[in-house]
Amino acid sequence: MKKKLILALPVLLLALNLPFVRVLSISNRKNFSERIYSLEAAKTGFVISYTHSVNKGRVHDFYRATDSGMLELFMTEFVSYGAGIPEAQETPGSKFSVTDKGYVISDLHRTLPSLLMAVGVVAEHSVSVGKEALDGMSFTESNEFFLKNFFKPQTSLVFEIKRMSVLGLLMTKKI
């Protein structure tokens, strides 16, 4: 019995170190050991929210992971136009609508391998994860995590879908 356990231990350790769990990884671009992850965001999607620097309204960008491991920006919600806010006609097939919360551009289908951004000093960047954040394609504040609580302001971040090991998941901060 003891011999079987000794033989099984290396196999168990190897299995715990294999990267097979898909997560959203948010890492410090200059120090990848400084990161947080979310299992839920990789499954159901996430919302990046921030206060726009010009019009001071909240902007909510809705993302999901594609089957190929890319990030897809599929919708944005905002209260008024300002610098950097996309126009619906920039993306063929997108739809513009007005809601009680402001403006929505949906069906964007913009894919990227990773997203780079910096933690703002006054922008109050946050990430909301899970079905609650995406329910009805409308932003809610449940499961909202402010990035300044995890990273120093002006830290350059990389958002990407990664595969992690069970051991890596146990040793990394989760949102």
Side-chain angles (χ1 to χ4, degrees), residues 1-51 58-77 84 108-175:
M1 176 71 170
K2 191 174 185 179
K3 189 174 183 178
K4 286 183 182 180
L5 185 59
I6 291 171
L7 291 173
L9 191 57
V11 174
L12 179 62
L13 288 174
L14 178 64
L16 290 174
N17 280 302
L18 290 176
F20 65 92
V21 181
R22 198 165 110 139
V23 299
L24 169 69
S25 171
I26 305 171
S27 307
N28 179 332
R29 197 172 122 207
K30 294 181 180 175
N31 180 4
F32 280 99
S33 66
E34 191 178 314
R35 70 175 177 217
I36 56 177
Y37 74 89
S38 173
L39 289 161
E40 188 66 27
K43 292 178 189 174
T44 61
F46 60 100
V47 181
I48 296 176
S49 301
Y50 58 93
T51 301
R58 276 312 256 177
V59 177
H60 310 291
D61 290 333
F62 293 74
Y63 290 87
R64 63 181 154 226
T66 66
D67 290 340
S68 64
M70 302 277 279
L71 295 175
E72 178 189 9
L73 170 65
F74 64 93
M75 186 174 81
T76 188
E77 186 177 271
L108 288 168
H109 304 295
R110 292 184 181 175
T111 58
L112 48 155
S114 61
L115 172 68
L116 298 175
M117 67 172 279
V119 179
V121 177
V122 294
E124 294 292 322
H125 285 100
S126 68
V127 176
S128 300
V129 299
K131 186 168 173 16
E132 295 85 8
L134 299 167
D135 231 3
M137 299 307 165
S138 180
F139 174 76
T140 65
E141 292 182 8
S142 62
N143 300 324
E144 184 175 24
F145 302 92
F146 287 89
L147 293 174
K148 68 180 181 182
N149 295 336
F150 298 92
F151 304 96
K152 292 179 183 172
Q154 299 183 331
T155 300
S156 182
L157 301 178
V158 179
F159 288 68
E160 60 192 334
I161 300 299
K162 288 188 142 195
R163 296 212 175 262
M164 290 182 70
S165 69
V166 172
L167 235 70
L169 291 172
L170 294 172
M171 299 169 56
T172 307
K173 291 180 187 173
K174 302 172 212 50
I175 59 169

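Note that these values count all heavy atoms, side chains included, but never hydrogens, waters or copies made by symmetry.
Taking NZ of Lys152 as the start and CD of Glu34 as the end, the distance is 7.5 Å to the nearest 0.5 Å. Note that CZ of Phe46 and CG of Asp61 are 9.5 Å apart. Values are rounded to the nearest 0.5 Å. To the nearest 0.5 Å, the span separating CD1 on Ile161 from CG on Leu24 amounts to 5.0 Å. Remark: Leu112 CG to Glu160 CD distance equals 11.0 Å, nearest 0.5 Å. Here the NE2 atom belonging to His60 is positioned 9.5 Å from the CE atom belonging to Met75, to the nearest 0.5 angstrom. Annotation: the span from Asp67 atom CG to Arg22 atom CZ amounts to 6.5 Å, rounded to 0.5 Å.
Under the 4.5 Å side-chain criterion, counting only non-hydrogen atoms from C-beta, Asn31 is not in contact with Phe151. Using a 4.5 Å heavy-atom threshold, the side chains of Ile26 and Phe150 count as separate. Between Met117 and Leu147 the shortest side-chain heavy-atom distance falls below 4.5 Å. Counting heavy atoms from C-beta on, the side chains of Leu115 and Val158 never come closer than 4.5 Å. Considering only heavy atoms from C-beta on, Tyr63 comes within 4.5 Å of Leu73 through its side chain.
Minimum heavy-atom separation, Ala65 to Ala42: CB-O, 3.7 Å. Closest heavy-atom contact between Val122 and Thr51: O-CB, 4.4 Å.
Remark: side-chain polar atoms of His125 are not paired, donor with acceptor, to backbone N or O of Val119 under 3.5 angstrom.
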Check against side-chain contact (heavy atoms from CB on, under 4.5 Å), Phe62 and Leu108: CA-CA 10 Å; Phe62 293 74; Leu108 288 168; over 6 Å; no

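The closest side-chain donor-acceptor pair between Glu144 and Ser126 falls under 3.5 angstrom.
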